[in-house]
Number of protein chains: 2
Amino acid sequence: MSQLPQQPAGISVPTSADVARLAGVSRATVSYVLNNNATVRISEPTRRRVREAAAGLGYVPHAAARSLRAGHTRTVLLPAAQAPAVPLYQRFLTRLESDLRRLDYTVVQYGSIGLEPDEAARAWAELRPVAVVSPGATALTPYGIGVLTRSGAKAVITLGPQPVDGAHAFVMDQREVGGCAVRHLLSRGRRRIGVVVPREPDLALFAEPRLAGAVRAAEDSAAPALIQPLPLRYDEESAEDLAARWRTLGLDAVFTYDDEYAMLLMRALQDTGVEVPAETAVIGADDLMLGRLLRPRLSSVTIELATAQPPAEIIDRLVRSPGGAPERHYLLRAAAVARDSS
Amino acid sequence: MSQLPQQPAGISVPTSADVARLAGVSRATVSYVLNNNATVRISEPTRRRVREAAAGLGYVPHAAARSLRAGHTRTVLLPAAQAPAVPLYQRFLTRLESDLRRLDYTVVQYGSIGLEPDEAARAWAELRPVAVVSPGATALTPYGIGVLTRSGAKAVITLGPQPVDGAHAFVMDQREVGGCAVRHLLSRGRRRIGVVVPREPDLALFAEPRLAGAVRAAEDSAAPALIQPLPLRYDEESAEDLAARWRTLGLDAVFTYDDEYAMLLMRALQDTGVEVPAETAVIGADDLMLGRLLRPRLSSVTIELATAQPPAEIIDRLVRSPGGAPERHYLLRAAAVARDSS
DNA sequence: TTGAAAGCGGTACCAC
DNA sequence: GTGGTACCGCTTTCAA
């Protein structure tokens, strides 16, 4: 097992001055060469000497010093989501991240779990990000937005179910998911519709808007329809409880929040002898593979996160021309996928 | 819709000098007060004036300037994983993050997707992190480790299936998962065991060690046993193909990589008329809820990530006393859970 | 074509 | 108790 290469106590990390000394030039020249500064002509031999010295020393510029001097950063701060790892959302962030890098931003996810919103905003502001994309409606207050903009952030953007006043917003309006599901069930002639509301607190941010959208769709419907919220924990016992009193509820359909809850509830209903879809239609959301593997095959709501312009380009534009009115970009597209369970 | 609070062009972000001016004190005093420096006595009225001035201006210290002066950061860099969002792993990171914050580190996830390993290491080094915890075995080369330590990182730690020479390691040895599964199947008297190998390239990092562990367990067994790798894409067509030629394979058991692949394959087998577990035993991994909802209930391998000492404390210790021999911390505990499918 | 020097914001030593 | 000031590493004018 090899020895860990340790930073010898006396030898400190190489700076551009060290590179300059080794190459026999000034620090200015080092900077010109390593940044390929076009406004100044440096001879080819000098460039080579500088490059070799830098490589030889393992020189890496000091980002903090650079941005201190520059007076600004190209850091886009993405406060790490405490939200459950929804694959859809992961894909969105991964894409955003690589697109931003392509636009020469440095993407930094900063964990702020357990910090108060305003405390978190101050911690973020210390990094002087040029833009902040903040998931979760709770984490950004008007005060926080003020702190960030005063600290030089050109764009403060929320990412969540609701816009926040005074900031730009990528809006993922989860109500649309509930709306889609209920409209689908109504179109199938169902009128007494249960809506599963996960008891897991983490999911409230998604669950409540989905329920609200369901209620709204029922109200907007021509035929009179009833929506019955159904609290449910993600465990078998809770599902069995609900299934046991299912017939007393008198429902002819259920929107199960997502496909995983659908699987949980459908199993419990089937074990109790409730026929799906004959007696009760079931629709989930997220259109996971598992829905296609269930019997009957699970109807679902597909969800896509998409904007006309890529989000990274929107951010870049907001950074370059700050100060406009808050923009709202609606990301979420939902559509019912009818299979055999509804 | 309110106007976005914009940074007026002329007014720049407040510095400690602005606070000093407003409070009628020196910058030194501002620093003393805001950092609660105990080595120096400042009168209470002065403290209050400084605090009020800072609050009034919305002053937030500049992290880059501070760490430039200090000569070091308390940044722990977590290069964002390109790995698939395994819930187990998410929980590990979330925990690590909040524990590190409690130890007063700033946790930064830096997206490096699409960068070459050495290029990525240089980009990380620019931030002068005091520690780097790098997921994915590929992303850290000896050169990269050198760049990071020379740039002042006190601890460079890999997080993945294999240690990397010259760095500390949190080892998640996925072979143990395959080993557990196969030993379980052997104990059930099965001898001709298929092992699903997902074709998704992202999963190779996990899939290959799981297969290797399965092979190893079969070799170590007293009874002669056969391991048959079974490439499978995560879609129904691929599963149907495999199921269609199942009987020609002559297998009496299958370890399906994880519970989701188990569900996919079990459905295809059942649709083809293969009896589970009578004709073929099935075991998955991850012990997801969905396994309990399948019929027959799915046997699985539970996986836990745990160390005697919390990982955050290990990192803290390595940072405080750097230079020891590379440490290996084995995180993964696996155990078979027998249900009805095996 | 290259170098000297100022200054970004904050901290901490040393005087007063 | 408080203030003056040097300095962290880097970029960028201005001079030579």
Side-chain angles (χ1 to χ4, degrees), chain A residues 12-51 53-54 57-75 122 125-128 130 150-152, chain B residues 12-51 53-54 57-75 122 125-128 130 150-152:
Chain A
S12 58
V13 345
T15 70
S16 73
D18 297 321
V19 177
R21 203 157 23 239
L22 182 57
V25 299
S26 73
R27 294 165 56 208
T29 305
V30 171
S31 174
Y32 293 142
V33 172
L34 297 185
N35 295 308
N36 289 313
N37 189 320
T39 69
V40 77
R41 315 268 90 183
I42 305 279
S43 69
E44 198 46 53
T46 304
R47 308 186 89 90
R48 210 179 37 248
R49 283 216 315 287
V50 169
R51 294 225 171 81
L57 292 172
Y59 169 72
V60 174
H62 192 306
R66 173 179 284 170
S67 64
L68 181 58
R69 168 66 225 225
H72 60 257
T73 68
R74 290 192 56 85
T75 299
R122 277 194 298 273
E126 292 194 0
L127 302 180
R128 298 293 192 269
V130 69
R150 252 179 286 118
S151 81
Chain B
S12 59
V13 344
T15 70
S16 74
D18 297 322
V19 177
R21 202 157 22 240
L22 182 58
V25 298
S26 73
R27 295 198 301 146
T29 305
V30 170
S31 174
Y32 295 142
V33 170
L34 297 185
N35 294 308
N36 288 312
N37 188 321
T39 68
V40 78
R41 317 267 85 186
I42 305 280
S43 71
E44 200 44 54
T46 304
R47 307 186 91 91
R48 210 178 40 249
R49 285 216 315 286
V50 169
R51 293 225 172 81
L57 291 172
Y59 168 73
V60 174
H62 192 304
R66 174 178 284 170
S67 63
L68 181 57
R69 171 64 229 224
H72 60 257
T73 68
R74 291 199 47 91
T75 299
R122 277 194 298 272
E126 292 194 359
L127 303 180
R128 297 293 190 269
V130 69
R150 252 178 287 119
S151 81

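Atoms CG (Asp18(B)) and P (dG9(C)) sit 9 Å apart, rounded to a whole Å. Atom CZ of Arg21(B) and atom C1' of dT2(D) are 18 Å apart (whole Å). The CG atom of Asn37(A) sits 15 Å away from the C1' atom of dG3(C) (whole-angstrom rounding). Rounded to an integer number of Å, the gap from His72(A) NE2 to dC8(C) P is 15 Å. Computed from coordinates, the Ile42(A) CD1 to dT12(D) P distance equals 14 Å when rounded to whole Å. We find that CZ of Arg27(B) is positioned 12 Å from P of dA6(D), with the value rounded to whole Å.
Using a 4.5 Å heavy-atom threshold, the side chains of Arg47(B) and Asn36(B) count as touching. Using a 4.5 Å cut-off on side-chain heavy atoms (C-beta onward), His62(B) and Leu68(A) make contact. A 4.5 Å side-chain heavy-atom check between Arg128(A) and Thr75(A) finds every atom pair outside the cut-off. Between Asn35(A) and Arg66(A) there is a side-chain heavy-atom pair separated by less than 4.5 Å. Side-chain contact check for Arg150(A) versus Leu57(B): every heavy-atom pair is 4.5 Å or farther apart.
Residue Leu68(B) has its side chain nearest to dG9(C) when only dA12(C), dG9(C), dT12(D) are considered. For Arg69(A), taking side-chain heavy atoms from C-beta onward, the closest of the listed nucleotides dT11(C), dT12(D), dT2(C) is dT12(D). Checking dG9(C), dG1(D), dG3(D) against every side-chain atom of Ala65(B), the shortest atom distance belongs to dG9(C). Of the candidates dG10(C), dT2(D), dG3(D), dG3(D) carries the atom nearest the Ala28(B) side chain, counting heavy atoms from C-beta on. Residue Arg41(B) places its side chain closer to dG1(D) than to any other of dT11(C), dG1(D), dT2(C).
Using a 4.0 Å heavy-atom criterion, one finds that Val30(A) contacts no nucleic acid atom at all. Using a 4.0 Å heavy-atom cutoff across all strands shown, Thr29(A) reaches sugar-phosphate atoms only and no base atom. Arg66(B) comes within contact range of the sugar-phosphate backbone alone, with a heavy-atom separation under 4.0 Å but no base atom that close. At a threshold of 4.0 angstrom between heavy atoms, the contacts of Thr46(A) are confined to the sugar-phosphate backbone, with no base atom among them.
Annotation: of the two residues near DNA chain D, Arg128(B) and Val25(B), the 5′-most nearest-nucleotide partner is Val25(B).
Contact annotation: Ser43(A) reaches the phosphate of dT2(C) (side-chain N/O to OP1 or OP2, under 4.0 Å). The side chain of Ser26(B) places an N or O atom within less than 4.0 Å of a non-bridging phosphate oxygen (OP1 or OP2) of dG3(D). Contact annotation: Tyr32(A) side-chain N/O to dT13(D) OP1/OP2 distance is not under 4.0 Å. Remark: Asn35(A) is in phosphate contact with dT11(D), judged by side-chain N or O atoms under 4.0 Å from OP1 or OP2.
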